2 protein chains.
Amino acid sequence: MNIGEVAARSGLPAKTIRYYEDIKLIRPARDANGYRAFSEADLHKLTFLSRARALGFTIEDCRALLALWEDSSRASADVKQIAGEHLDEIDRKIADLKSMRDTLAGLVRDCAGDGRPDCPILTGLSKPRG
Amino acid sequence: MNIGEVAARSGLPAKTIRYYEDIKLIRPARDANGYRAFSEADLHKLTFLSRARALGFTIEDCRALLALWEDSSRASADVKQIAGEHLDEIDRKIADLKSMRDTLAGLVRDCAGDGRPDCPILTGLSKPRG
DNA sequence: TATAGGGGTTCCATCTACTGGAAGGTCAAG
DNA sequence: CTTGACCTTCCAGTAGATGGAACCCCTATA
């Protein structure tokens with residue numbers, strides 16, 4: 001498979017796939033003409049990466065997960081630990097965003113949003129530790 | 001005020017304050033010795049920036065908000081629009097993260113997390129469009 | 001056979017929002 | 001006079017791509 005096909009089938013842009021090769025997440029073979037020659041296994045890995053990145057795993061998480069994925073003697077506990085840590089991180093992010101949201105929603109709610117200059121949003125943003 | 005003091009009072013690292021000058025969010029005066037000389041107004045802006053950034057506004061949002069903040073004839077509607085758009089964006093991010101969370105939590109829940117290699121997390125991540 | 005197009009390749013620059021570190025100038029205290 | 005805490009500038013690097021230039025390759029068609 002050429003890069004265009006794996007791009008279409010994995011859902012990743014060709015640029016991103018080249019980048020993933022660059023940082024050694026994948027190591028596709030090469031045809032005589034210099035084109036990358038992707039195997040089914042490469043495609044499988046790219047699909048994995050596409051999914052894992054969409055779920056917010058960092059590249060380094062992905063590298064670790066890929067290594068486990070390729071290691072048939074892995075312990076599922078190792079995988080579960082990485083995923084569990086990431087889950088906690090997502091939970092923290094959600095909590096942060098919710099707190100932001102509530103603060104901001106309060107400011108927006110109190111703003112008249114008319115032609116006058118008085119604006120609780122600006123006032124609120126200029127107060128420390130709100 | 002020197003940079004150390006505004007850093008302490010605004011809650012922003014000195015490095016970040018220099019960066020903000022670099023990208024022209026602030027324009028502090030200079031003492032004869034070359035040190036930055038911050039006014040109360042500068043400190044006020046930095047506090048504003050610190051808050052706004054903590055609420056997830058981008059630097060360009062901040063630039064626009066600062067401009068409105070300095071414009072005494074602004075319409076609060078203009079501010080409300082920027083804040084409202086940002087609020088929508090936060091809501092989208094929260095929704096995205098929640099959906100990630102649920103997917104990932106499902107995978108983690110189904111994983112035995114023991115010494116055996118069978119792992120629904122890895123299996124689940126290798127399926128497209130889950 | 002020339003050419004047009006739609007692939008592919010490399011490399012370099014850019015983005016966001018900082019952060020780290022080196023090399024050096026300034027200032028107040030002991 | 002030296003020490004140490006400040007301050008300065010500049011250069012490089014982070015994550016995770018993305019955009020673009022310049023160029024090569026392959027196939028189809030006139």
Side-chain angles (χ1 to χ4, degrees), chain A residues 1-39 42-43 45-46 48-66 85-86 89-90 93 96-97 100, chain B residues 1-39 42-43 45-66 86 89-90 93 96-97 100:
Chain A
M1 274 173 284
N2 281 349
I3 201 166
E5 190 177 344
V6 276
R9 290 174 63 183
S10 67
L12 291 169
K15 274 266 176 190
T16 301
I17 296 173
R18 291 195 193 99
Y19 170 69
Y20 286 171
E21 181 186 20
D22 213 48
I23 62 173
K24 285 156 187 115
L25 281 179
I26 50 164
R27 292 160 196 274
R30 295 286 175 142
D31 281 338
N33 59 11
Y35 286 20
R36 288 171 185 80
F38 295 86
S39 64
D42 290 324
L43 172 61
K45 278 196 209 177
L46 287 169
F48 182 99
L49 286 167
S50 174
R51 277 284 284 154
R53 292 287 303 128
L55 285 175
F57 284 94
T58 65
I59 291 287
E60 289 317 305
D61 282 340
C62 290
R63 204 186 291 281
L65 287 170
L66 268 184
E85 279 166 16
H86 182 48
E89 211 174 292
I90 293 180
K93 272 189 198 159
D96 279 2
L97 280 173
M100 275 185 208
Chain B
M1 271 174 285
N2 281 348
I3 201 167
E5 189 177 344
V6 278
R9 291 174 64 184
S10 68
L12 291 169
K15 274 267 177 190
T16 301
I17 296 174
R18 291 194 193 98
Y19 171 69
Y20 285 172
E21 181 186 20
D22 214 49
I23 61 173
K24 286 159 185 112
L25 281 178
I26 49 163
R27 292 161 196 273
R30 294 288 175 140
D31 281 336
N33 59 11
Y35 286 20
R36 288 170 185 81
F38 295 87
S39 64
D42 290 324
L43 172 59
K45 277 197 211 178
L46 288 169
T47 308
F48 182 99
L49 286 167
S50 175
R51 277 284 284 155
R53 291 289 301 128
L55 285 176
F57 284 94
T58 66
I59 290 288
E60 289 317 306
D61 282 342
C62 289
R63 203 186 291 282
L65 287 170
L66 267 184
H86 182 47
E89 209 175 295
I90 293 180
K93 273 188 199 162
D96 279 1
L97 280 173
M100 276 185 207

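Every chain is numbered from 1, with letters handed out A, B, ... down the list of sequences. Computed from a predicted structure; not experimentally measured.
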**Item:** First encountered from the 5' end of DNA chain D, between B:Lys15 and B:Gly4
**Value:** B:Gly4
Quick one: does any side-chain atom of [X] pair with a main-chain N or O of [Y] as donor and acceptor, under 3.5 Å?
X       : Y       : result
B:Asp61 : B:Thr58 : yes
A:Asp42 : A:Ser39 : yes
B:Thr47 : B:Leu43 : yes
A:Asn2  : A:Gly4  : no
A:Asp31 : A:Asn33 : no

What distance do [X] atom [atom1] and [Y] atom [atom2] have between them, rounded to the nearest 0.5 Å?
X       : Y       : atom1 : atom2 : result
A:Leu25 : A:Leu46 : CG    : CG    : 9.0 Å
B:His86 : B:Leu65 : NE2   : CG    : 9.5 Å
B:Tyr19 : B:Leu12 : OH    : CG    : 12.5 Å

Counting only side-chain N and O atoms of [X], is one of them less than 4.0 Å from OP1 or OP2 of [N]?
X       : N      : result
B:Arg30 : D:dT9  : yes
B:Asn33 : D:dC7  : no
A:Tyr19 : D:dA15 : no
B:Arg18 : D:dC7  : no

**Those residues of residues 54-65 of chain B lying under 4.0 Å from DNA chain D by at least one heavy atom** = none
**Request:** Using chain A heavy atoms and a threshold of under 4.0 Å, write down where along DNA chain C the contacts begin and end, 5' to 3'.
**Result:** C:dG7 to C:dC11
What's the [atom1]-[atom2] distance between [X] and [N], to the nearest Å?
X       : N      : atom1 : atom2 : value
A:Ile23 : D:dA17 : CD1   : C1'   : 9 Å
A:Ile3  : D:dC26 : CD1   : C1'   : 17 Å
A:Leu49 : D:dG16 : CG    : C1'   : 13 Å
B:Glu21 : D:dT8  : CD    : C1'   : 11 Å
A:Leu12 : D:dA17 : CG    : P     : 8 Å

**Request:** Tell me which nucleotide among D:dG20, D:dT18, D:dC7 gets nearest to the side chain of B:Asn2.
**Result:** D:dC7
**Item:** Over 12 non-hydrogen atoms of neighbours within 6.0 angstrom of CZ in A:Arg27
**Value:** no
**Asked** Hey, which of these two, B:Arg53 or A:Tyr35, hits DNA chain C nearer its 5' end, going by closest nucleotide?
**Response** A:Tyr35
